[in-house]
Trainee: 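Shown below is the structure under consideration.
Position 1 is the first residue of the sequence; numbering continues from there.
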Amino acid sequence: MGRALTEALLERGAMKVTRRRDPETLAALRERHGSRLVALRSDVTNAGQVAEAGRQATDVDLLFNNAGAFEPTELTGETIVDVARREMEVNYFGAPRMLRGFADTLSRRGGVIVHVGSAAGLSNVPLQPTYSASKAAQHSLTQPPARCWRPGA
């Protein structure tokens, strides 16, 4: 989803700064779009990388956070706690890391942050219990900034 969105924005003339766990995955797009694409290393589970990306990208108007993790698991499976932790680390804790890392720039520029959620976070999916919980937590977390940062709030 991230690559497709990046490509679509670039095709429409946008300057795109993107963050990836591995920026080299965008080498072909960088070749085609040159300096309009800036790829920064930023894994949402690494607070230092997110903070550094925020320091480097000082002209962001739109931050689109589509980092996500899903691992099929059974509610009573042996690995459910480990799976839940991994999913929460990306799907939930990644959101406040991104918000913190880019808050100053977005606030100064009147920018916005978009966190990609899931219908599974609004209505639990029985075969995806930990994923649903992590996306529900993300949904809940993203409500206050949306209200606090909107114009006139």
Side-chain angles (χ1 to χ4, degrees), residues 1-12 14 16-30 33 37-57 60-107 111-151 153:
M1 180 188 312
R3 182 185 173 96
L5 179 66
T6 297
E7 201 159 1
L9 289 170
L10 288 166
E11 293 298 329
R12 287 167 179 78
K16 177 77 165 112
V17 175
T18 187
R19 47 138 221 95
R20 311 273 298 184
R21 283 179 301 219
D22 181 5
E24 291 310 308
T25 61
L26 297 175
L29 282 179
R30 240 189 350 262
H33 296 282
L37 175 64
V38 178
L40 303 174
R41 179 173 303 282
S42 178
D43 179 338
V44 298
T45 66
N46 184 315
Q49 284 184 8
V50 172
E52 182 58 26
R55 283 190 290 275
Q56 290 179 37
V60 174
D61 296 317
L62 169 65
L63 179 63
F64 192 87
N65 176 25
N66 68 312
F70 168 68
E71 294 181 47
T73 188
E74 293 181 18
L75 193 56
T76 58
E78 283 184 35
T79 61
I80 191 164
V81 172
D82 294 331
V83 167
R85 280 192 178 115
R86 286 190 295 272
E87 289 175 342
M88 289 294 283
E89 194 61 39
V90 174
N91 300 340
Y92 174 72
F93 290 113
R97 281 189 194 103
M98 294 296 287
L99 185 61
R100 184 172 184 215
F102 288 86
D104 290 343
T105 296
L106 291 171
S107 180
V112 295
I113 184 168
V114 175
H115 296 284
V116 175
S118 171
L122 302 175
S123 178
N124 193 283
V125 177
L127 298 176
Q128 304 171 352
T130 57
Y131 176 76
S132 293
S134 69
K135 286 299 189 172
Q138 179 197 53
H139 175 74
S140 183
L141 176 76
T142 59
Q143 300 310 298
R147 289 184 183 93
C148 295
W149 284 3
R150 74 174 170 239

Trainee: Any donor and acceptor pair, going by atom type alone, linking the side chain of N65 with main-chain N or O of A67 inside 3.5 Å?
Mentor: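 The answer is yes, because a donor-acceptor pair under 3.5 Å joins these two groups.
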Trainee: Enter the distance from R86:CZ to E71:CD here, rounded to the nearest 0.5 Å.
Mentor: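 R86 CZ to E71 CD: 4.0 Å, rounded to 0.5 Å.
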Trainee: Please tabulate, one pair per line, all N/O donor-acceptor pairs under 3.5 Å involving side-chain atoms of residues 125-132, not counting sequence neighbours.
Mentor:
from: T130; atom 1: OG1; to: E87; atom 2: OE1; distance (Å): 2.5
from: S132; atom 1: OG; to: A120; atom 2: O; distance (Å): 3.3
from: S132; atom 1: OG; to: V125; atom 2: N; distance (Å): 3.0
from: S132; atom 1: OG; to: Q128; atom 2: O; distance (Å): 3.0

Trainee: Can you tell me how far the CG atom of L63 sits from the OG1 atom of T105, to the nearest 0.5 Å?
Mentor: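 So the CG of L63 and the OG1 of T105 are separated by 10.0 Å.
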Trainee: How close do G48 and R55 get, heavy atom to heavy atom, and via which atoms?
Mentor: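 That closest heavy-atom pairing would be O-NH2, 4.5 Å.
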Trainee: Tell me the closest heavy-atom pair linking V50 and R97, and the distance in Å.
Mentor: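 So the minimum-distance heavy-atom pair works out to CG1-O, 3.2 Å.
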Trainee: Start with the C-alpha gap between F102 and I113, add the side-chain angles, then the distance that decides, and say whether side-chain contact (heavy atoms from CB on, under 4.5 Å) holds.
Mentor: CA-CA 9 Å; F102 288 86; I113 184 168; 5.8 Å; no
Trainee: With rounding to the nearest 0.5 Å, note down the distance linking CD in Q138 to OG in S118.
Mentor: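 Spacing of CD (Q138) from OG (S118) equals 9.0 Å.
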Trainee: What is the distance from atom CE of M98 to atom CG of L106, rounded to the nearest 0.5 Å?
Mentor: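 M98 CE to L106 CG: 9.0 Å, rounded to 0.5 Å.
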Trainee: I need the minimum non-hydrogen distance between M88 and A137, along with the two atoms involved.
Mentor: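 Heavy atoms only, the tightest pair is CE-CB, 4.0 Å.
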Trainee: If the condition is side-chain contact (heavy atoms from CB on, under 4.5 Å), which residues does T45 pass it with, not counting sequence neighbours?
Mentor: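 If we apply the side-chain contact (heavy atoms from CB on, under 4.5 Å) test to T45, skipping adjacent residues, the hits are D43, E89, V90.
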Trainee: I'd like to check the ring-ring contact (aromatic ring centres under 6.0 Å, His included) partners of Y92; sequence neighbours left out, ordered by chain and number.
Mentor: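 With neighbours one apart ignored, the set is empty.
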Trainee: Main chain of K135, side chain of N91: is a donor-acceptor contact present, judged purely on distance under 3.5 Å?
Mentor: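 Side chain of N91 to backbone of K135: no pair is present.
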